[in-house]
**Q** 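The structure follows.
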Amino acid sequence: TQLLEQSPQFLSIQEGENLTVYCNSSSVFSSLQWYRQEPGEGPVLLVTVVTGGEVKKLKRLTFQFGDARKDSSLHITAAQPGDTGLYLCAGGDTDKLIFGTGTRLQVFP
Amino acid sequence: EPEVTQTPSHQVTQMGQEVILRCVPISNHLYFYWYRQILGQKVEFLVSFYNNEISEKSEIFDDQFSVERPDGSNFTLKIRSTKLEDSAMYFCASSVRTGLEKLFFGSGTQLSVL
């Protein structure tokens with residue numbers, strides 16, 4: 001069974017701080033996706049990483065796929081209150097995604 | 001941006017009753033999915049649907065669950081005889097194709113089984 005563990009589970013920081021969220025598995029994934037979910041809404045795709053070692057940037061967000069394609073990280077620079085939400089990693093093909101346990105981020109002004 | 005639409009947003013039902021959750025996927029999408037999220041737990045895959053048949057389903061998707069695309073626009077999830085443990089947020093999703101294609105999720109239906 002493929003599992004994705006995220007850490008930390010909860011993160012509360014002040015505006016302007018940097019943070020990193022981790023997504024780890026003992027299994028190899030063909031790709032990993034990162035989603036953000038706000039209360040009462042469905043997950044919204046942020047990025048897909050495919051190649052081991054790949055780094056993608058989305059404004060202040062930097063995503064990295066581990067060389068062995070078993071782990072990924074999301075780094076946010078200078079966090080803002082608008083970054084508050086639940087961040088989910090998900091592995092596998094779109095046909096059957098396996099979601100991680102989630103990291104709930106709260107950014108205080 | 002186009003949206004996946006789900007109705008109702010909230011559904012309350014008695015244990016043992018049948019419920020139908022409705023979804024209107026994005027119009028040019030061909031692949032359709034149901035996921036669920038029990039409160040405080042992770043999002044779980046239920047079923048994928050393509051070309052009018054189930055392409056993959058999880059262990060959760062037992063005989064009490066069924067999916068249908070009755071009219072070319074709606075995509076429904078039916079739970080025949082609801083159990084307390086079926087209480088969850090149910091998300092419909094769609095994509096143009098499978099593989100690494102972007103998955104669009106609806107806002108979900110919160111199902112409460114009493």
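Below, chain A is the first sequence line, B the second, and so on; all start at residue 1.
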**Q** Gln33(A) pairs by side chain to side chain contact (heavy atoms under 4.5 Å, CB included) with which of Val49(A), Val47(A), Leu97(A), Leu88(A)?
**A**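 With Gln33(A) as partner, Val49(A), Val47(A), Leu97(A), Leu88(A) yield a single side chain to side chain contact (heavy atoms under 4.5 Å, CB included), made by Leu97(A).
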**Q** Is it true that Tyr50(B) and Tyr31(B) have ring centroids separated by less than 6.0 Å?
**A**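 Yes, they do, as the ring centres are separated by less than 6.0 Å.
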**Q** Is it the side chain or the backbone of Gln6(B) that comes within 4.5 Å of chain A heavy atoms, both, or neither?
**A**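 No part of Gln6(B) comes within 4.5 Å of chain A.
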**Q** Measure distances from Gln37(A) to the heavy atoms of chain B and classify the residue's part below 4.5 Å as side chain, backbone, both or neither.
**A**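 When you check distances to chain B, only side chain atoms of Gln37(A) fall under 4.5 Å.
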**Q** Against chain B, work out which of Gly100(A), Gly102(A), Ala90(A) has the most heavy-atom pairs shorter than 4.5 Å and name it.
**A**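 If we count pairs closer than 4.5 Å to chain B, Gly100(A) comes out on top.
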**Q** Going through the distances and angles, do Thr51(A) and Phe65(A) end up as a side chain to side chain contact (heavy atoms under 4.5 Å, CB included)?
**A** CA-CA 7 Å; Thr51(A) 307; Phe65(A) 202 10; 5.9 Å; no
**Q** Consider only side-chain N and O atoms of His29(B) and Ser95(B), and report whether a donor and an acceptor are under 3.5 Å apart.
**A**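 Not at all, the side chains of His29(B) and Ser95(B) share no donor-acceptor pair under 3.5 Å.
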